[in-house]
Amino acid sequence: MDELNGKVALVTGGSKGIGFEIGRVLASLGATVVIAARDKERLEKAADVIAGSGGKAAFMCVDMGEEESIKSLVNTIKERFGVLDILVNNAGITHSDLLKDTTTDDFDRCMRINARGPFILCREALELLQKAERGYIINIGSIISIKGYPKQSAYTASKHALRGMTLSLAEELNKTSVSVHMICPGGVDTDMVGDVRPDINKDELIQPQEIAEIVRFIVTRKGKGLIDDFRIRRATSSPWFA
């Protein structure tokens, strides 16, 4: 398939889990995929797997908590490719504790990685995205972007912040060549969810590939309609979460 042939995509948190599957799917569509994360060894292995399946993949190290690291990532993409068609903000961390036991450092770290990092990356990458014939920003949120759970105050605050930024940016870029989307899944079968919610039966968890297929839908869909917001729940959870 070559629907994205000649396109360049950046996926943060792309060395494993949801990010890796998104990168794999975009590469299968013909895009050159840059996966970015902190762990060089894991990134290299993930890029090799994507390339081994016939995809075009590169990897770049980034610390989403450091502004200069994010700027360096964007500058490298600019120098190497000159354009960016798809940006997927997927990297994130979590924290689980009662609010009374959550330190300011715990809160700040969640905000720094989950909200501040994507804010800086969107800002710095916007010039490249606007050079594309059709640009996409896809922010990976969570059911926590909309709801709240006990022991999730810092994580919830950061994901609500990401959603708020997404809404504002979508308005700012309305009627331009760049569209802004958000995907808010419930429990996905990742290491992070396994650590925070060991009570959930793994057989009930959404698979990372399912999130990747939604990204595929966003970037390949034709027509006059546009879907901004995707909410995906576990089939065993309550419907119509809001």
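- Considering every non-hydrogen atom in both Ala161 and Ala115, the closest pair reads CB-CB, 3.8 Å.
- Looking only at side-chain heavy atoms (C-beta outward), Phe230 and Ile218 come within less than 4.5 Å of each other.
- Taking the salt bridge (Lys or Arg N to Asp or Glu O under 4.0 Å) definition, one finds that Glu172 meets it with nothing, sequence neighbours left out.
- Annotation: the span from Leu73 atom CG to Met64 atom CE amounts to 8.0 Å, rounded to 0.5 Å.
- For Arg234 (side chain) and Glu204 (main-chain N/O), no donor-acceptor pair under 3.5 Å exists by modelled atom type.
- Residues satisfying the side-chain contact (heavy atoms from CB on, under 4.5 Å) criterion with Asp105, sequence neighbours excluded, are Thr103.
- Within a 6.0 Å sphere centred on NZ of Lys78, other residues, nucleotides and ligands contribute 12 heavy atoms or fewer.
- Here the closest heavy-atom approach between residue Ser158 and residue Cys110 is recorded as CB-O, 3.5 Å.
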Go through the steps for Glu133 and Lys7 under the test side chain to side chain contact (heavy atoms under 4.5 Å, CB included), then give the verdict.
CA-CA 10 Å; Glu133 181 180 355; Lys7 308 298 184 183; 4.2 Å; yes
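- The side-chain heavy atoms of Cys122 and Asn89, taken from C-beta on, include a pair separated by under 4.5 Å.
- Transitive grouping of hydrophobic side chains (ILVMFWY, heavy atoms separated by less than 4.5 Å) brings Tyr136 and Ile214 into a common cluster.
- Taken from OG in Ser145 to CD1 in Ile183, the straight-line distance is 11.5 Å, to the nearest 0.5 Å.
- Salt bridge Arg216/Glu3: absent, no basic N to carboxylate O contact under 4.0 Å.
- Contact annotation: the side chain of Asn5 approaches that of Lys56 to within less than 4.5 Å [non-hydrogen atoms, C-beta and beyond].
- Between Asp106 and Asp97, the closest side-chain pair of non-hydrogen atoms is not below 4.5 Å.
- A search for salt bridge (Lys or Arg N to Asp or Glu O under 4.0 Å) contacts involving Lys45 returns Glu41, not counting sequence neighbours.
- What you find for Ala132 and Leu84 is that their closest heavy atoms are CB-O, 3.7 Å.
- Taking Arg123 as the reference, Glu67 meet the salt bridge (Lys or Arg N to Asp or Glu O under 4.0 Å) condition, with sequence neighbours excluded.
- Side-chain atoms of Asn174 do not come within 3.5 Å of backbone N or O of Ala170 as any donor-acceptor pair.
- Under the 4.5 Å side-chain heavy-atom criterion for grouping Ile, Leu, Val, Met, Phe, Trp and Tyr, Ile18 is connected to Val88 within one hydrophobic cluster.
- Annotation for Asn90 and Gly13: closest pair ND2-O, 3.2 Å, computed over non-hydrogen atoms.
- Atom OG1 in Thr156 sits 10.5 Å away from atom CG in Asn114 (nearest 0.5 Å).
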I'd like to know whether Arg163 forms a salt bridge (Lys or Arg N to Asp or Glu O under 4.0 Å) with Asp229, so could you lay out the CA-CA distance, the side-chain angles of the two residues, the decisive distance to 0.1 Å, and finally the verdict.
CA-CA 10 Å; Arg163 181 171 174 77; Asp229 189 26; 3.3 Å; yes
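- For Glu127, the CD atom is loosely surrounded, since the number of other residues' heavy atoms within 6.0 Å does not exceed 12.
- Inter-residue side-chain proximity for Arg233 and Pro239 is flagged as met; some heavy-atom pair is nearer than 4.5 Å.
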Side chain to side chain contact (heavy atoms under 4.5 Å, CB included) assessment of Met60 paired with Arg80
CA-CA 12 Å; Met60 299 180 188; Arg80 186 165 174 181; 4.1 Å; yes
Given side chain to side chain contact (heavy atoms under 4.5 Å, CB included), test Ile70 with Val62 step by step and report yes or no.
CA-CA 6 Å; Ile70 297 170; Val62 66; 4.2 Å; yes
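- In this model, no donor atom of one side chain and acceptor atom of the other lie less than 3.5 Å apart for Asp63 and Ser69.
- Under the 4.5 Å side-chain contact rule for hydrophobic residues, Ile232 and Ile140 share a cluster.
- Using a 4.5 Å heavy-atom cutoff, the side chains of Gln207 and Glu213 are not in contact.
- Within the 4.5 Å cutoff, the side chain of Val11 has no heavy atoms near those of the Val34 side chain.
- When the salt bridge (Lys or Arg N to Asp or Glu O under 4.0 Å) test is applied to Lys202, the partners found at least two apart in sequence or on another chain are Asp189.
- Note that the NZ atom of Lys159 and the CD1 atom of Ile143 stand 13.0 Å from one another [nearest 0.5 Å].
- The cluster map of Ile, Leu, Val, Met, Phe, Trp and Tyr, joined by side-chain heavy atoms under 4.5 Å apart, puts Ile86 and Ile35 in the same cluster.
- A donor atom on one side chain and an acceptor atom on the other are found under 3.5 Å apart for Thr166 and Asn139.
- Taking both residues in full, the closest heavy atoms of Thr12 and Ala91 are given as OG1-N, 3.0 Å, listed atom of the first, atom of the second, then distance.
- Pro185 and Gly141 make their closest contact through CD-O, 3.5 Å (heavy atoms, listed as atom of the first residue, atom of the second, distance).
- Here the side chains of Val83 and Asp85 are in contact, with some heavy-atom distance below 4.5 Å.
- Every side-chain contact (heavy atoms from CB on, under 4.5 Å) that Leu226 has, sequence neighbours left out, goes to Arg134, Ser179, His181, Asp228.
- Atom CG in Leu173 sits 5.5 Å away from atom CG in Leu126 (nearest 0.5 Å).
- Distance alone, capped at 3.5 Å, places no donor-acceptor pair between the Ser53 side chain and the Gly55 backbone.
- Note that OG of Ser15 and CZ of Phe59 are 11.0 Å apart. Values are rounded to the nearest 0.5 Å.
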Stepwise, does the side chain to side chain contact (heavy atoms under 4.5 Å, CB included) test hold for Leu4 with Val219?
CA-CA 8 Å; Leu4 299 182; Val219 300; 3.9 Å; yes
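- In terms of hydrophobic clustering, with Ile, Leu, Val, Met, Phe, Trp and Tyr side chains grouped at heavy-atom distances under 4.5 Å, Tyr155 and Ile93 are assigned to different clusters.
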